[in-house]
Number of protein chains: 2
Amino acid sequence: MVEKTSKNSKVSLAQVARAAGVSKMTASRVLRDEGGYSEETRRRVMEQVDHLGYLPNRLATVFAGDQSSTFIGVSIPDLGNEVFAQVLEGIDRKLGTFGYQSVLGLTQHTLAEEENWIRTVLSWQPAGLILTGRYHSQRANDMLLNAGIPVIEIWDLNSSPLDMSVGINHFDSGFDMGRYLMACGYRNIGYVGTSHDTANAATERLTGFCKAVEGAGGHVVKQLCLHDTATYYPGFYGTEQLLAAASDVDCIHYQNDAMAFGGLQYCERRGLSIPEDIGIAGWGDLPIASVLKRRLTSCHISHLKLGQSAAEMMLARLSGEPVPKCLDIGFTLIPGSTVRNPDRGTA
Amino acid sequence: MVEKTSKNSKVSLAQVARAAGVSKMTASRVLRDEGGYSEETRRRVMEQVDHLGYLPNRLATVFAGDQSSTFIGVSIPDLGNEVFAQVLEGIDRKLGTFGYQSVLGLTQHTLAEEENWIRTVLSWQPAGLILTGRYHSQRANDMLLNAGIPVIEIWDLNSSPLDMSVGINHFDSGFDMGRYLMACGYRNIGYVGTSHDTANAATERLTGFCKAVEGAGGHVVKQLCLHDTATYYPGFYGTEQLLAAASDVDCIHYQNDAMAFGGLQYCERRGLSIPEDIGIAGWGDLPIASVLKRRLTSCHISHLKLGQSAAEMMLARLSGEPVPKCLDIGFTLIPGSTVRNPDRGTA
DNA sequence: AAGAATTAAGTTACCCGTAACGTAAACGTA
DNA sequence: TACGTTTACGTTACGGGTAACTTAATTCTT
């Protein structure tokens with residue numbers, strides 16, 4: 001199949017053509033199944049392709065400007081947060097089945113990293129970009145608008161996106177959770193999350209959450225872990241810190257379910273019973289929630305679907321189909337049983 | 001900064017050069033900081049670069065064969081498994097800081113997917129590849145050997161890799177766990193994991209595990225969830241199935257900590273106390289273990305470090321430094337307290 | 001059987017940068 | 001002053017494919 005001797009440098013179409021005794025163009029036509037060659041010629045070319053182990057150089061094709069590439073740049077804040085890992089999985093699986101490749105960028109929640117990554121990835125002539133979040137640096141915005149390729153901003157639904165947007169309204173989601181917890185009779189509510197320099201979706205949820213709680217006469221005590229990844233341990237120690245600073249909170253809402261689980265563990269270790277002594281509400285309905293004894297109060301989003309939808313939108317756009325500017329994939333509040341029942345009213 | 005009018009097609013170096021009143025070559029020299037131009041010329045060129053929003057087309061550079069690309073193909077089985085998400089994060093962060101980009105491929109644990117992905121990604125002339133696992137299809141092997149670029153097989157340490165290898169010896173890790181559980185006095189040991197068509201590291205751990213257990217007079221009952229991702233819920237119901245089929249197991253070892261946590265939750269719900277009624281041992285020392293009440297018996301691997309090491313090896317190799325063929329990053333057995341104490345011997 | 005149409009090719013030009021080489025002007029030196 | 005050197009450019013060629021065009025041979029049509 002493959003000549004061990006050709007290990008060094010790459011086999012070009014010209015070499016295949018020469019070996020098959022035809023012109024580059026004919027070999028190219030055979031490889032692209034374009035027609036206009038005899039069966040005998042096809043056979044001879046394919047024989048040499050096989051024999052020399054020829055792999056086409058897609059750079060040349062794209063470079064020639066005849067086609068666009070099959071790269072899609074995908075930027076994600078981090079992968080330690082299961083939420084984003086799932087979104088990425090949804091994106092890449094869908095793109096992969098249609099012959100596109102994700103070029104990854106982990107922005108670590110900073111706009112500067114994102115800007116650098118955008119600059120680099122654009123120089124590779126991607127077919128499109130999928131970015132997490134709606135906030136970008138000014139230069140990033142300029143580059144994106146100038147690039148002339150589809151750009152989808154995911155996660156954080158943006159009513160006036162650069163180009164397209166898929167996600168949910170985080171403010172509303174936070175607001176609904178706040179209203180629900182107030183309906184359950186809580187008044188002194190803690191929030192445990194992480195904090196980054198850049199405004200993000202979690203910030204918007206918190207804003208909505210506070211608005212709902214405070215609007216209904218409640219009070220929110222925040223505990224933000226600086227520059228941390230929103231996962232189990234920050235949830236655990238964030239809860240410890242919160243309770244040390246404000247021992248009278250009757251319910252804690254977390255940035256996501258992983259943090260909520262960390263908090264759950266802390267409370268259990270402290271001997272607090274859920275939801276009698278304290279209510280716990282997460283966000284995101286992560287897989288871990290599927291095995292807990294009590295259904296975790298949370299907010300469901302299909303992360304995989306979000307990723308897939310974004311990828312589908314990208315693919316549709318690339319094949320020239322009409323595509324909506326915004327796609328709201330929605331969320332569902334999960335009452336669960338780690339907070340009191342709303343029927344019982346103010347305990 | 002940017003002309004809104006240039007929105008349509010890309011600005012080329014030739015356009016910048018023309019606008020600045022110099023030749024392409026001079027503009028190229030300015031952009032590459034090569035010297036050989038006056039300060040006045042530099043200023044004029046940069047002014048136009050800024051004005052036209054010029055972004056270099058790296059395809060052209062690579063294509064010309066003067067440089068290699070900064071793509072590194074990275075294949076990972078799936079991202080639902082936290083382990084691989086962490087490895088990928090380690091890889092991409094390290095690569096990113098050195099100006100390289102990961103081109104992702106999710107192989108879904110199948111060699112056919114991997115082969116397709118390899119073919120595609122090679123056509124983009126990557127600077128190197130990082131693959132998960134040591135098993136590849138014959139055609140994939142041929143392509144990899146022929147590609148003439150660095151290839152690192154990670155996760156599963158391979159004493160005779162295609163090129164380079166970073167990971168741990170999974171057989172040994174399984175063996176050590178088996179020996180440890182036997183030392184704790186368990187004899188009838190369950191194993192809960194997932195099952196895929198392709199041989200993989202988990203299979204090797206299981207082999208080592210069985211060898212140790214059976215070699216010391218114990219017995220292993222396996223429960224493999226078909227085609228599932230190794231996460232919480234399969235751990236939960238896998239445990240249910242295992243206990244239904246073999247109620248006499250005194251200890252269960254899981255493919256990873258996420259599954260072990262699922263099992264832990266099932267046991268708790270069943271009213272089984274850990275480790276009195278049944279021992280639980282995971283693998284991987286995942287973040288969730290950091291907040292559990294009892295230290296989970298597990299096996300520690302630094303996933304992030306694994307990814308970073310692989311990336312470092314790749315970068316070193318690309319800059320021509322000598323690099324070892326194999327790098328064993330090691331593992332550490334974590335005794336934990338979800339199995340009996342080995343001192344007490346056979347209970 | 002002659003011209004038209006089709007088939008199976010080959011040839012040329014181009015995509016966008018950069019290496020390699022060429023050149024004119026300014027400068028340095030004996 | 002004459003010649004070598006440096007500076008600051010410009011020109012040409014190339015890489016690996018493909019679009020667009022050309023050409024030669026074969027087949028079809030009337």
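In what follows, chains carry the letters A, B, and so on, assigned in the order in which the sequence lines appear, proteins first and then strands, with residues in each chain numbered from 1.
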A:Ala127 versus A:Tyr100, closest heavy-atom pair with distance: CB-CE2, 4.0 Å
Interface polar pairs with nucleotides 19-28 of chain D, N/O, under 3.5 angstrom:
| unit_1 | atom_1 | unit_2 | atom_2 | d |
| --- | --- | --- | --- | --- |
| D:dA19 | OP2 | A:Arg32 | NH1 | 3.0 |

Counting the atoms with a prime plus P, OP1 and OP2 as sugar-phosphate, which does A:Val62 contact under 4.0 Å by heavy atoms, base, sugar-phosphate, or nothing? nothing
Would you mind classifying the nucleic acid contact of A:Ser38 as base, sugar-phosphate or nothing, using non-hydrogen atoms under 4.0 angstrom? sugar-phosphate
Earliest and latest nucleotide of DNA chain C, 5' to 3', sitting under 4.0 Å from a non-hydrogen atom of chain B? C:dC16 to C:dA20
Does a side-chain N-to-carboxylate-O contact under 4.0 Å join B:Glu115 and B:Arg119? yes
Would B:Glu39 and B:Arg43 pass as an ion pair if we require N to O under 4.0 Å? no
What I'd like to find out is whether the side chain of A:Trp155 reaches to under 4.5 Å of the side chain of A:Asn200, using heavy atoms alone. no
So CD1 of A:Ile118 and CD of A:Glu113: to nearest 0.5 Å the spacing works out to 11.5 Å
Double-helix bend of the helix from C:dA1-D:dT30 to C:dA30-D:dT1, axes at both ends from 5 pairs, round to 10°, gives 40°
Modelled atom types, side-chain donor and acceptor of B:Asp92 and B:Ser102, under 3.5 Å: yes
Counting just side-chain N and O atoms, does B:Tyr37 come under 4.0 Å of either OP1 or OP2 of D:dG10? no
Exercise: do A:Glu40 and A:Ser38 side chains pair donor with acceptor under 3.5 Å: no
Nearest 0.5 Å, please: how far is NZ in B:Lys94 from CG in A:Leu106? 14.0 Å
Residues A:Asp163, A:Arg317: salt bridge by 4.0 Å N-O rule: yes
Indicate, with a heavy-atom threshold strictly under 4.0 Å, whether B:Thr61 touches base, sugar-phosphate, or nothing. sugar-phosphate
